[in-house]
Student: 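Submitted below is the structure of interest, expressed as structure tokens.
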Amino acid sequence: MAPLSILIVGCGCAGPVLASFLLLAPDTRPEDLPHITIVERAGAHRAAGQNIDIRGTGATLIRKLGVEQKIRAATTGEEGMQIVDDQNQVWVSAPADKTGRVQTATSDIEILRGTLVDILTKRSEQISDGVKARGGRGIDYVNGDYVEELDQDGAKVHVRFAKSGERRSYDVVVGADGLQSRTRRQAFGDEGDAQRLKYLSTIAAFYSMPAAATDSLWRRWWHGENRRSITVRPSGQEGRSTVVLLLVHPDERATAVAKLGPKGAPQQKALLKKYFDHGEWECDRVMREMEAADDFYYDLVAQVKMEKWHKGRVVLLGDAGCCAAPISGMGTTLALNGAYNLAGALTHHPDDPNAAFDAFETAMRPLVDVAQKLPPGNPELFHWKTSWGIWIMRWAFRAIFSSGIGTLAEKFMGPPADVVGVKEYGFRQPEEMQVDV
Ligand SMILES: Cc1cc2nc3c(=O)[nH]c(=O)nc-3n(C[C@H](O)[C@H](O)[C@H](O)COP(=O)(O)OP(=O)(O)OC[C@H]3O[C@@H](n4cnc5c(N)ncnc54)[C@H](O)[C@@H]3O)c2cc1C
């Protein structure tokens with residue numbers, strides 16, 4: 001039986017982890033390991049991106065990949081979350097649980113997305129080099145391209161790459177291409193995509209900016225009338241902070257400009273200025289820096305809900321098939337679990353991708369179901385139309401956190417990152433990745 005040929009579309013969080021575990025299959029000769037190609041549209045040099053977190057079983061999986069120390073050494077150092085008012089007075093302080101046992105708003109592993117993707121990609125390259133040195137094929141990385149056409153005939157998936165024009169055929173194609181997955185639309189049809197992508201009536205924009213004297217290792221969260229908020233966070237990079245703008249129940253212009261994708265950044269920034277440029281709190285600075293930002297990212301806050309994550313020989317992974325939305329705090333942990341379970345399933349059913357996809361879905365469904373159940377009132381509970389609503393929210397959360405109820409609630413209502421355990425597939429344990437000193 002020839003080794004499986006697998007195309008992974010997307011080298012974000014899930015893609016390189018899937019490739020790494022596939023090459024760590026137990027009791028397999030290097031020449032029998034799958035032949036893997038990863039195609040990434042963004043090219044080799046990606047922006048640092050914004051703060052994302054790894055929680056619970058996600059931490060177990062980075063340990064299995066031998067990158068835990070490397071990742072922990074590259075975290076942003078965030079101490080916790082503070083709710084602040086127009087005068088920058090702190091109303092609520094919710095510190096991070098640095099043991100990782102309680103899922104607080106700030107996790108014990110907060111890291112910039114680009115830094116994490118770099119580490120995960122580097123790890124996959126190292127594992128691939130090891131396989132090549134032992135006579136295997138390893139991973140072929142295609143940067144700056146994407147799949148223009150995708151067809152399948154039951155035995156193979158045939159693709160045409162947009163930039164190179166090259167046509168290739170694979171046994172399996174994995175769509176790990178994020179929330180707006182093109183692979184999902186190509187395999188499952190464009191028509192039903194609006195039903196799969198559940199918009200949570202919220203828009204998020206992310207970018208980084210130079211740090212100011214008011215920035216610290218605490219995440220500061222300011223709220224404005226008409227259901228707006230701004231979060232300023234430590235980035236872990238000298239002299240830089242990161243920003244998240246949230247609009248809850250915005251008008252339809254906000255969704256219209258989201259559809260323009262990264263090319264629509266000028267229209268998206270112009271719209272955000274209409275919402276935020278009114279001189280409150282640190283809005284002047286935040287808006288000025290938004291204009292200058294070259295790592296600006298704007299998207300709908302949405303979940304992807306699907307009954308099945310595979311069609312024929314195409315399977316969806318991470319946000320592409322089961323996005324839980326950034327406000328769930330579970331996106332990266334879900335992506336890591338998905339990559340691990342898909343690799344486990346393909347390793348144990350190398351001759352039968354359909355059986356592998358069924359096993360993958362059985363392993364993942366319980367975790368996806370709990371991850372997609374957002375705590376009641378999220379995000380409306382923090383985002384009010386009037387200044388009275390905001391004032392009451394601040395008092396209520398101050399009372400909840402100063403009485404200790406908030407910490408107790410986090411124990412039971414924090415992201416469900418430990419609820420579903422990690423299955424054992426017997427993957428080889430790679431050496432711990434070197435931490436630069
Ligand atoms: C630029 C960017 C910034 C983000 N910022 C945040 C953030 O600040 N906070 C947060 O919680 N989450 C953020 N996310 C989402 C977060 O990374 C994911 O929720 C999570 O890590 C799940 O990982 P994933 O691998 O499924 O998807 P992602 O990490 O999103 O990876 C998908 C990858 O596929 C690539 N891709 C997309 N389309 C194609 C295509 N057609 N062909 C080839 N490659 C393609 C993308 O460039 C990306 O590298 C961001 C995602 C992106 C792409």
Side-chain angles (χ1 to χ4, degrees), residues 7-19 37-55 58 76 105 107 109-118 120-121 124 141-150 159-163 173-187 202 204-208 219 231 233 235 242-246 261-262 265 293-304 309 316-339 342 364 368 371-372 415:
L7 172 67
I8 301 173
V9 183
C11 194
C13 298
V17 174
L18 169 65
T37 302
I38 306 184
V39 57
E40 167 57 50
R41 187 183 55 186
H45 299 287
R46 288 164 223 142
Q50 307 304 312
N51 310 50
I52 55 177
D53 40 27
I54 297 176
R55 297 171 179 272
T76 63
S107 153
I109 309 178
E110 294 281 346
I111 187 166
L112 295 190
R113 178 185 175 277
T115 310
L116 177 65
V117 170
D118 280 349
L120 297 175
T121 305
S124 72
Y141 298 86
V142 180
N143 281 313
D145 210 342
Y146 60 93
V147 172
E148 176 85 77
E149 286 169 21
L150 183 148
V159 303
R160 187 174 71 77
F161 291 104
K163 299 273 171 67
V173 170
V174 181
D177 46 352
L179 179 65
Q180 304 290 354
S181 171
R182 190 182 174 104
T183 313
R184 183 177 68 233
R185 285 177 276 123
Q186 286 168 328
T202 300
F206 309 87
Y207 53 96
S208 66
R219 173 197 319 191
T231 309
R233 307 181 70 173
S235 73
T242 57
V243 190
V244 185
L245 308 180
L246 278 187
D294 57 7
D295 56 355
F296 176 83
Y297 172 68
Y298 176 109
D299 208 346
L300 307 176
V301 173
Q303 296 189 325
V304 177
W309 295 310
L316 301 176
L317 177 62
D319 278 4
C322 61
C323 182
I327 53 175
S328 72
M330 286 292 289
T332 311
T333 298
L334 266 187
L336 294 172
N337 274 276
L342 182 56
M364 282 304 290
V368 172
Q372 291 190 328

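The analysis underlying the following values was restricted to heavy atoms, covering all of them including side chains, and did not include hydrogens, waters or symmetry mates. What you are looking at is a predicted structure, and each value in this text was computed from that prediction instead of being measured. All ligand and atom numbering here is 1-based and tracks the order in the structure.
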Student: Checking contacts here: is it the side chain or the backbone of Cys323 that comes within 4.0 Å of ligand 1, counting heavy atoms only? Could be both or neither.
Tutor: neither

Student: Name the option, out of Asp319, Leu336, Val9, that contains the heavy atom nearest to atom 20 (C) of ligand 1.
Tutor: Asp319

Student: Judged on heavy-atom distance to atom 43 (C) of ligand 1, which of Glu148, Arg41, Arg233 sits nearest?
Tutor: Arg41

Student: Which residue from Ile52, Thr332, Thr242, Ile38 reaches closest to atom 12 (N) of ligand 1 through any of its heavy atoms?
Tutor: Ile52

Student: Of the side chain and backbone of Ala14, name the one, both, or neither that has a heavy atom under 4.0 Å from an atom of ligand 1.
Tutor: both

Student: Of the choices Gln50, Gln180, Glu40, Arg113, which has the non-hydrogen atom that lies closest to atom 50 (C) of ligand 1?
Tutor: Arg113

Student: Which bit of Asp177 is near ligand 1, meaning a heavy atom under 4.0 Å away: side chain, backbone, both or neither?
Tutor: both

Student: Are Gln180 and Asp319 packed together at the side-chain level, in the sense that at least one heavy-atom pair is separated by less than 4.5 angstrom?
Tutor: no

Student: What atoms in ligand 1 come closer than 4.0 Å to a heavy atom of Pro326?
Tutor: 11 (O)

Student: Relative to ligand 1, is Asn51 under 4.0 angstrom through side chain, backbone, both or neither, heavy atoms considered?
Tutor: backbone

Student: Just going by heavy-atom distances, which of Gly12, Cys13, Gly10 is nearest to atom 23 (O) of ligand 1?
Tutor: Cys13

Student: Can a salt bridge be assigned to the pair Glu110 and Arg233 using a cut-off of 4.0 Å between side-chain N and carboxylate O?
Tutor: yes

Student: Just to be sure I read this right, does ligand 1 sit under 4.0 Å from the backbone of Val117, its side chain, both, or neither, counting only heavy atoms?
Tutor: neither

Student: Please identify which atoms of ligand 1 are closer than 4.0 Å to at least one heavy atom of Ala176.
Tutor: 32 (C), 33 (C), 34 (O)

Student: Against heavy atoms of Ala335, which atoms of ligand 1 measure under 4.0 Å?
Tutor: 22 (C), 23 (O)

